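One structure is given below, encoded as structure tokens.
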Amino acid sequence: MTETRSYPRRINTDAGDIEFRLMGRADEAAVLTFAQGLPTHDLLFLPRNISQPKVLSAWIKEIERGDIVSLLAMKDGRVVGCGTLVRDPYSWSPHVGEIRMVVSQEVRGQGVGRALSQETFALALCAGLEKLSVQMTADQAAAITLFESLGFKAEALLRDHVRDVSGRKHDIVVLGHNVAQVQAQLEAYGVPGAVRH
Ligand SMILES: CC(C)(COP(=O)(O)OP(=O)(O)OC[C@H]1O[C@@H](n2cnc3c(N)ncnc32)[C@H](O)[C@@H]1OP(=O)(O)O)[C@@H](O)C(=O)NCCC(=O)NCCS
């Protein structure tokens with residue numbers, strides 16, 4: 001999936017120099033520290049709680065099987081963000097990828113999330129995916145604004161869909177981006193190759 005993009009890549013953000021690289025088994029401890037430092041509310045968009053070592057180790061196995069690709073945003077040797085592309089080539093949605101992303105609170109609002117979302121989006125295009133989805137709790141204003149600015153549109157609202165540790169339920173919003181349709185529209189306007197791999 002990653003053959004057309006090479007890592008590590010370095011970018012400059014308001015939070016300083018950030019390195020993007022692929023996550024692997026050697027990162028298990030560093031990613032656990034990152035996940036455990038996040039407010040649990042910020043993990044509710046994920047199907048499982050990644051601050052649990054067992055969940056993290058299952059995630060690493062999925063990466064090794066090639067089912068998912070995760071990019072880490074590193075700052076001074078620490079994990080400050082993670083963007084994941086999930087796809088299932090054996091499902092009825094082999095053309096669809098889900099993006100999951102989270103950035104540590106200490107560097108939020110400084111461009112790391114935008115750069116990571118663009119990089120994960122580029123990975124999805126390289127993989128030839130036609131549609132992308134992303135989901136988050138309805139109160140994650142930054143995440144919704146960010147993905148809308150990339151062309152994602154609201155497709156579903158799942159009421160009371162997740163329950164936090166205190167027992168409170170939260171709505172989940174699902175946004176989608178029909179990459180293939182947008183590409184076809186741009187080509188119809190005479191902008192071939194506007195959505196580049
Ligand atoms: C979504 C998230 C990854 C953004 O990370 P970030 O590093 O803070 O993002 P950036 O600084 O690059 O900001 C990206 C855009 O988000 C929007 N944004 C950022 N902070 C915002 C805020 N407090 N309120 C509203 N919009 C905000 C802006 O549109 C911004 O773009 P701009 O600065 O070019 O205008 C981060 O808030 C996060 O981890 N949230 C919790 C996890 C989550 O819900 N993830 C979504 C599931 S995919």
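The basis for the numbers below is simple: all heavy atoms, side chains too, and nothing from hydrogens, waters or symmetry mates. Residues: numbered from 1 along the sequence shown. All values derive from a computational prediction rather than experimental measurement. Each ligand, and each atom within it, is numbered from 1 in the order the structure gives.
The protein non-hydrogen atom at the shortest distance from atom 39 (O) of ligand 1 is Val103 N, 2.9 Å. Ranking protein heavy atoms by distance to atom 5 (O) of ligand 1, first place goes to Gly113 CA, 3.5 Å. Here the protein heavy atom with the shortest distance to atom 37 (O) of ligand 1 is Arg108 CD, 3.6 Å. In this structure, the protein non-hydrogen atom closest to atom 14 (C) of ligand 1 is Leu146 CD1, 3.8 Å.
In this structure, atom 45 (N) of ligand 1 is in close contact with the protein, since a protein heavy atom lies within 4.0 Å of it. Counting only heavy atoms, the protein never gets under 4.0 Å from atom 33 (O) of ligand 1.
Taking the six-membered ring wherever Trp is involved, the centroid distance between the rings of His177 and Phe121 falls below 6.0 Å.
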Do Glu98 and Lys131 pass the salt bridge (Lys or Arg N to Asp or Glu O under 4.0 Å) test, and can you show the C-alpha distance, the side-chain angles, and the key distance before you say yes or no?
CA-CA 9 Å; Glu98 184 190 339; Lys131 182 181 173 180; over 6 Å; no
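Backbone and side-chain nitrogen or oxygen atoms of Gly109 are examined, and one is located within less than 3.5 angstrom of a nitrogen or oxygen of ligand 1. Residue contacts with ligand 1: Ala141 is placed with no nitrogen or oxygen under 3.5 Å of a nitrogen or oxygen of the ligand (distance criterion only). Between Phe147 and ligand 1, no N or O atom pair is found at a separation short of 3.5 Å.
Which parts of ligand 1 touch Met101 is read off a 4.0 Å heavy-atom cut-off, strictly below it: atoms 3 (C), 42 (C), 43 (C), 45 (N), 46 (C), 47 (C), 48 (S). Taking a cut-off of under 4.0 Å to the non-hydrogen atoms of Gly111, the atoms of ligand 1 that pass are 10 (P), 11 (O), 12 (O). The ligand atoms of ligand 1 that sit less than 4.0 angstrom from a heavy atom of Ala143 are 1 (C), 46 (C). Taking every non-hydrogen atom of Gln135 and a distance limit under 4.0 Å, the qualifying atoms of ligand 1 come out as 47 (C).
Atom CG of Leu123 sits about 6.5 Å away from atom CG of Leu85, to the nearest 0.5 Å. Here the CZ-CG distance, from Arg100 to Leu43, works out to 12.0 Å after rounding to the nearest 0.5 Å.
Residue nearest to atom 24 (N) of ligand 1, selected from Ala142, Ser149, Cys82: Ala142 (by heavy-atom distance). Taking all heavy atoms of Glu148, Gln140, Arg114 into account, the minimum distance to atom 41 (C) of ligand 1 is reached by Gln140. Which of Val112, Ile18, Val134, Thr145 comes nearest to atom 29 (O) of ligand 1 through a heavy atom is settled by distance: it is Thr145. When the heavy-atom distances from atom 42 (C) of ligand 1 to Thr84, Asp42, Asp14, Ile144 are ranked, the shortest goes to Asp42.
Of the charged side-chain nitrogens involved, at least one lies within less than 4.0 Å of a carboxylate oxygen, so that Glu119 and Arg5 count as a salt-bridged pair. The pair Arg108-Asp42 meets the salt-bridge criterion, with a side-chain N (NZ, NE, NH1 or NH2) lying under 4.0 Å from an Asp/Glu carboxylate O.
Residues Leu56 and Glu28 come closest through the heavy atom pair CD2-O, 3.2 Å. When every heavy atom of Ser117 is checked against every heavy atom of Leu150, the shortest pair comes out as OG-CD1, 3.5 Å. Closest of all the heavy-atom pairs between Thr13 and Val112 is OG1-CG2, 4.0 Å. Heavy-atom minimum distance, Pro94 versus Pro89: CB-O, 3.7 Å.
Here the side chains of Thr40 and Asp164 are not in contact, with every heavy-atom distance at 4.5 Å or above.
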